[in-house]
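Every heavy atom of this structure was used, including side-chain atoms; hydrogens, water molecules and symmetry mates were not. Letters A, B, ... are given to chains in the order of the sequence lines, protein chains preceding strands, and every chain is numbered from 1.
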Number of protein chains: 2
Amino acid sequence: MGVTQTHLFTEEQNEIAQLAKAIAHPARIAILQHLIKTKSCINGDLVLEIGLAQATISQHLRELKEAGLIQGSIEGTRVNYCIHTEKWSALKSLFQDFFESYSDCCDPNC
Amino acid sequence: MGVTQTHLFTEEQNEIAQLAKAIAHPARIAILQHLIKTKSCINGDLVLEIGLAQATISQHLRELKEAGLIQGSIEGTRVNYCIHTEKWSALKSLFQDFFESYSDCCDPNC
DNA sequence: ATCATTTATCGTAATATTGCAATGAAATAA
DNA sequence: TTATTTCATTGCAATATTACGATAAATGAT
């Protein structure tokens, strides 16, 4: 026990949950917001911006990368991360559809 | 260690992360979808619908209730859960704003 | 009152997440 | 070459999550 029973659920349910989990930490929200604001940034900037240790930031970056939400390109000794536009759009649509599946069905005009 | 450093982040970052965490499990997505489809339901229905034990479903329902996303009303020995409309709308707006903060800033037309 | 039904809670085990110091790896600068 | 800088990875400790059996609490039925 202690492990999510993925096989019990649909692919969509698992996908929504997994992407929600990717953004289910304030540090990762902060990272994404910083990436959006500065259009790109590096690990070092984030360590100063957020108060967490370098190893911890790196770990959060990896999770966001594994979820496909960001991508990094190496520039010398630095790494330039930015939002993965296509994945971001896909996430937006997926969540939008999920949230609207409620309001749509209860909207008296439909 | 092992505990999220909430104090390092803004209230908004913590709120988005916390709500994302509330839906960051396929069982809770399945529960919400079932509530939306049937417009209301009870614990027992969900145990049959989803393959998890009654205690586990009850636990997930509590998490959704604590996040404010659903509310339950007692009907005899049963409990009738439904989506909390206002909170759902708030969640939708919060996520919509977050997702659009990227596309807006990168839209060449703005 | 007794029993059945339904949901919540408790206790516990297995696993996952969070955070960081220490160390590695890779490029640049001296 | 020998530092220095920057990021990734490893290993570990603390805490959180997931799941379920057992049990409690509350209502309704007999």
Does [X] make a side-chain N or O approach to OP1 or OP2 of [N] shorter than 4.0 Å?
X	N	result
T56(B)	dT18(D)	no
Y81(A)	dA8(D)	yes
T4(B)	dT18(C)	no

message: What residues from residues 10-27 of chain A pass a heavy-atom cutoff of under 4.0 Å to DNA chain D?
response: none
By side chain to side chain contact (heavy atoms under 4.5 Å, CB included) - contacts of I74(A) (at least two apart): V79(A)
query: Heavy-atom distance under 4.5 Å between the side chains of Q71(B) and C82(B), does that happen here?
result: yes
- request: Answer yes or no: is there a side-chain heavy-atom contact under 4.5 Å between L46(B) and C41(B)?
  value: yes
Gap between atoms [atom1] and [atom2], on [X] and [N] respectively (whole Å):
X	N	atom1	atom2	answer
I42(A)	dT6(D)	CD1	C1'	8 Å
D45(B)	dT6(C)	CG	P	10 Å
N80(B)	dT5(C)	CG	C1'	16 Å
I57(B)	dT9(C)	CD1	C1'	16 Å
L46(B)	dT6(C)	CG	C1'	13 Å

Within residues 59-68 of chain B: residues closer than 4.0 Å to DNA chain C (heavy atoms): R62(B)
Residues 12-25 of chain A side chain polar contacts: donor-acceptor under 3.5 Å, at least two apart:
residue: E12(A); atom: OE1; partner: Q33(B); partner atom: NE2; Å: 3.4
residue: Q13(A); atom: OE1; partner: T10(A); partner atom: N; Å: 2.9
residue: Q13(A); atom: OE1; partner: T10(A); partner atom: OG1; Å: 3.3
residue: Q13(A); atom: NE2; partner: Q33(B); partner atom: OE1; Å: 2.8
residue: N14(A); atom: ND2; partner: T6(A); partner atom: O; Å: 3.1
residue: N14(A); atom: ND2; partner: T10(A); partner atom: O; Å: 3.2
residue: H25(A); atom: ND1; partner: A27(A); partner atom: N; Å: 3.0
residue: H25(A); atom: NE2; partner: T4(B); partner atom: OG1; Å: 3.4

- prompt: For every nucleotide of nucleotides 21-30 of chain D, 5' to 3': is a protein heavy atom under 4.0 Å from its base (B), only from its sugar-phosphate (S), or from neither (-)?
  reply: BB----B---
task: Kindly state each residue pair satisfying ring pair (Phe, Tyr, Trp, His ring centres under 6.0 Å) with at least one member in residues 34-54 of chain A, sequence neighbours excluded.
output: none
query: Which listed nucleotide (dT18(C), dC7(D), dT7(C)) is nearest to the side chain of N43(A)?
result: dC7(D)
task: Measure from the side-chain heavy atoms of R78(B) and tell me the nearest of dA8(C), dT6(C), dT6(D).
output: dT6(C)
- prompt: At their closest point, which heavy atom of A30(A) faces which heavy atom of F9(B), and how far apart are they?
  reply: CB-CD2, 4.1 Å
Atom pairs and distances, donor-acceptor, side-chain atoms in residues 60-69 of chain B, under 3.5 Å, two or more places apart:
residue: H60(B); atom: ND1; partner: R28(B); partner atom: NH1; Å: 2.9
residue: E63(B); atom: OE1; partner: R28(B); partner atom: NH1; Å: 3.3

message: Show every side-chain hydrogen bond (donor to acceptor under 3.5 Å, both in side chains) that has at least one partner inside residues 48-58 of chain A, sequence neighbours left out.
response: none
- prompt: Of all residues at least two apart in sequence or in a different chain, which pass the side-chain hydrogen bond (donor to acceptor under 3.5 Å, both in side chains) check with N80(B)?
  reply: S40(B), E75(B)
- request: Just call it for L52(A): base, sugar-phosphate, or nothing, with non-hydrogen atoms closer than 4.0 Å on any strand.
  value: sugar-phosphate
Atom pairs and distances, side-chain donor-acceptor, residues 83-92 of chain A, under 3.5 Å, sequence neighbours left out:
residue: H84(A); atom: ND1; partner: E86(A); partner atom: OE1; Å: 3.4
residue: H84(A); atom: ND1; partner: K87(A); partner atom: N; Å: 3.3
residue: T85(A); atom: OG1; partner: Y102(B); partner atom: OH; Å: 2.8
residue: W88(A); atom: NE1; partner: F99(B); partner atom: O; Å: 2.9
residue: S89(A); atom: OG; partner: T85(A); partner atom: O; Å: 3.1
residue: K92(A); atom: NZ; partner: S103(B); partner atom: OG; Å: 3.0

message: Applying the side chain to side chain contact (heavy atoms under 4.5 Å, CB included) criterion to I57(A), which one of I50(A), L48(A), D45(A) satisfies it?
response: I50(A)
